[in-house]
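Notes to accompany the following structure.
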Amino acid sequence: MKYLTEFRDGAIAQKLAAEIRQMTTRHWAIMEVCGGQTHSIMRNGIDQLLPSEIELIHGPGCPVCVTPLEMIDKALAIAALPNVIFCSFGDMLRVPGSDRDLFRVKSEGGDVRVVYSPLDAVQLAVQHPTKQVVFFGIGFETTAPANAMAVHLAKKQGLTNFSMLVSHVLVPPAIDAIMRSPTNRVQAFLAAGHVNSVMGFWQYPPLASQHRVPIVITGFEPLDVLEGIRRCVRQLEAGEHEVENAYERVVTFDGNRAAQALLEEVFAESDRAWRGIGVIPRSGWKLSDAYADYDAENRFDVSDIHTHESPECRSGEVLQGAIKPTDCPAFGKQCTPRTPFGATMVSSEGACAAYFNYGRVVQLERVRVRVHA
């Protein structure tokens with residue numbers, strides 16, 4: 001299968017890993033921004049191919065994981081209202097709020113539905129004119145164009161019973177915030193190719209130059225990730241800090257200008273809270289003034305929300321790369337995909353879920369092989 005099997009070739013993977021081992025002379029910490037990259041690393045054992053000097057740090061690029069608790073609680077409050085059809089992607093239903101999740105609301109009688117596209121929610125609004133249909137619009141630049149199109153179409157069709165609870169976040173401000181943190185250990189980034197397929201990478205050179213950090217845009221197949229790591233290590237060893245595009249089959253410098261124009265029309269930049277991290281200035285999108293009537297936060301009274309995060313959940317530290325999932329005492333014990341404390345254990349892109357699903361229940365460096373004579 002073109003564009004798939006050729007990026008899973010084991011022999012080429014071993015060759016790339018050998019090149020990385022040969023050029024590595026010291027410890028380097030590289031962050032993969034996207035949870036999809038984390039899952040590729042864990043699923044394909046890429047971390048086990050690398051020399052011990054290469055430390056992969058899992059970044060905040062999981063849209064479900066970084067949706068702030070306050071927005072989850074607002075979603076729960078709206079979904080529980082009578083005469084509301086609340087629509088979301090499946091991952092969000094199990095993300096714990098302060099005291100319950102959307103599955104609990106559904107079991108208690110709320111009309112909560114899983115959709116596969118925000119346009120499905122618009123269609124529900126057409127089919128149920130006496131109901132208020134609300135779509136939970138989360139994610140990075142990758143999912144934002146489809147959400148923007150849904151709101152655009154709802155306005156074009158004159159729908160008055162459709163709205164969106166918006167919690168979109170942006171990658172470049174997050175990279176900037178990570179590099180400005182006094183506890184930062186990241187020395188290079190694997191940027192998320194799907195984000196850059198929409199936005200291009202014209203925003204990245206100033207970040208690389210200001211923070212003197214290599215940024216390599218990669219895809220998600222094993223060879224994509226390994227090639228991204230190889231290019232990061234090459235730059236680090238050479239003392240360079242450039243932006244490289246290792247995902248040329250998908251990403252261009254300018255990105256998708258039509259999608260960007262739609263985003264500029266429907267959304268406006270805003271400060272945004274990230275779950276487990278806090279508020280990052282100008283790191284999100286809200287609906288623009290022209291589309292404010294479709295903002296669920298304006299349509300429903302959900303301003304009096306009081307949140308309380310589980311004191312046992314350390315997903316915020318995982319999202320910032322401060323700890324590995326296995327460093328959390330609750331990992332794999334009290335906290336599992338069936339009994340999650342935080343979104344990183346629930347989401348299909350969550351770092352804790354990746355470690356749990358692919359058997360990394362203990363850190364590799366803690367494993368000792370007992371040899372019997």
Side-chain angles (χ1 to χ4, degrees), residues 33-34 59-78 88-89 92 95 97 118 121 134-152 154-155 162-181 191-192 194-196 198-200 202-204 206-207 255-257 259-307 309 316 319-320 343:
V33 171
C34 179
C62 165
V64 173
C65 304
V66 299
T67 301
L69 185 59
E70 182 183 16
M71 294 302 289
I72 302 292
D73 285 349
K74 287 181 178 180
L76 295 168
I78 294 172
S88 172
F89 297 135
M92 293 304 299
V95 176
V134 183
F135 179 74
F136 200 178
I138 70 158
F140 289 84
E141 295 93 329
T142 320
T143 56
N147 292 349
M149 179 57 75
V151 180
H152 178 82
K155 184 176 183 180
F162 175 83
S163 60
M164 187 172 288
L165 183 62
V166 178
S167 186
H168 276 299
V169 287
L170 307 174
V171 169
I175 290 177
D176 184 60
I178 289 168
M179 293 306 297
R180 291 181 185 279
S181 170
H194 50 13
V195 166
N196 300 105
V198 176
M199 302 305 293
W202 50 269
Q203 300 176 79
Y204 286 19
L207 287 171
N256 186 329
R257 287 295 191 187
Q260 293 170 34
L262 180 62
L263 293 170
E264 290 176 7
E265 175 190 333
V266 175
F267 293 127
E269 281 189 357
S270 66
D271 295 346
R272 183 62 71 182
W274 297 53
R275 190 169 190 174
I277 297 176
V279 175
I280 300 177
R282 303 180 71 82
S283 68
W285 275 319
K286 63 178 182 179
L287 288 170
S288 64
D289 290 343
Y291 290 87
D293 289 345
Y294 294 88
D295 190 335
E297 289 190 78
N298 293 337
R299 188 165 299 185
F300 302 94
D301 183 14
V302 288
S303 57
D304 190 24
I305 296 289
H306 301 283
T307 64
E309 187 75 84
L319 287 169
Q320 297 176 75

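Two residues are said to be in side-chain contact when any heavy atoms from C-beta on lie closer than 4.5 Å; L319 and W274 fail this criterion. Using a 4.5 Å cut-off on side-chain heavy atoms (C-beta onward), T142 and P63 make no contact. Between V266 and L287, the closest side-chain pair of non-hydrogen atoms falls below 4.5 Å. With a 4.5 Å cut-off on side-chain heavy atoms, C34 and H194 count as touching. Between V95 and T67, the closest side-chain pair of non-hydrogen atoms is not below 4.5 Å. Side chains of S167 and E70 form no contact here, defined as non-hydrogen atoms less than 4.5 Å apart. Side-chain contact check for I280 versus R272: every heavy-atom pair is 4.5 Å or farther apart. Contact check for E309 versus R275: side-chain heavy atoms found under the 4.5 Å cut-off.
The shortest heavy-atom contact between V198 and P145 is CG1-CG, 3.8 Å. Contact record, A77 with V302: CB-CG1, 4.1 Å, taken as the closest heavy-atom pair. Nearest heavy-atom pair across A296 and I78 is CB-CD1, 4.2 Å. The two residues H152 and Y291 make their nearest non-hydrogen contact at ND1-OH, 3.2 Å. The heavy-atom pair separating A191 from V33 by the smallest distance is CA-CG2, 4.4 Å. A121 and F162 make their closest contact through CB-CE1, 3.8 Å (heavy atoms, listed as atom of the first residue, atom of the second, distance).
Rounding to the nearest 0.5 angstrom, the gap separating the CE atom in M199 from the CZ atom in R257 is 8.5 Å. In this structure, M149 CE and E265 CD are separated by 9.0 Å, a value rounded to the nearest 0.5 Å. Distance CD/E141 to OG1/T143: 9.0 Å, rounded to 0.5 Å. Here F136 contributes atom CZ and I72 contributes atom CD1; the two are 4.5 Å apart, rounded to the nearest 0.5 Å. Going from atom CD1 of I175 over to atom CE of M179 covers 9.5 Å, rounded to the nearest 0.5 Å. Once rounded to the nearest 0.5 Å, the distance linking CG of D289 with CG of D295 reads 10.5 Å.
Side-chain atoms of N298 come within 3.5 Å of backbone atoms of A292 as a donor-acceptor pair (strictly under, hydrogens ignored).
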| Going through the checks in order, is the side chain to side chain contact (heavy atoms under 4.5 Å, CB included) test met by I138 and M71? | CA-CA 10 Å; I138 70 158; M71 294 302 289; over 6 Å; no
| message | One pair to check against side chain to side chain contact (heavy atoms under 4.5 Å, CB included): E297 and V166. What are the steps and the verdict? | response | CA-CA 8 Å; E297 289 190 78; V166 178; 6.0 Å; no
| Are F135 and F89 close enough, and set up right, to give a side chain to side chain contact (heavy atoms under 4.5 Å, CB included), and what steps lead you there? | CA-CA 9 Å; F135 179 74; F89 297 135; 3.8 Å; yes
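For K155, the NZ atom is densely surrounded, since the number of other residues' heavy atoms within 6.0 Å is greater than 12.
Between H168 and W285, the angle of the ring planes goes over 60°, which puts this pair in the perpendicular group of the 30/60° scheme.
Checked against salt bridge (Lys or Arg N to Asp or Glu O under 4.0 Å), E269 has the following partners two or more places apart in sequence or in another chain: R282.
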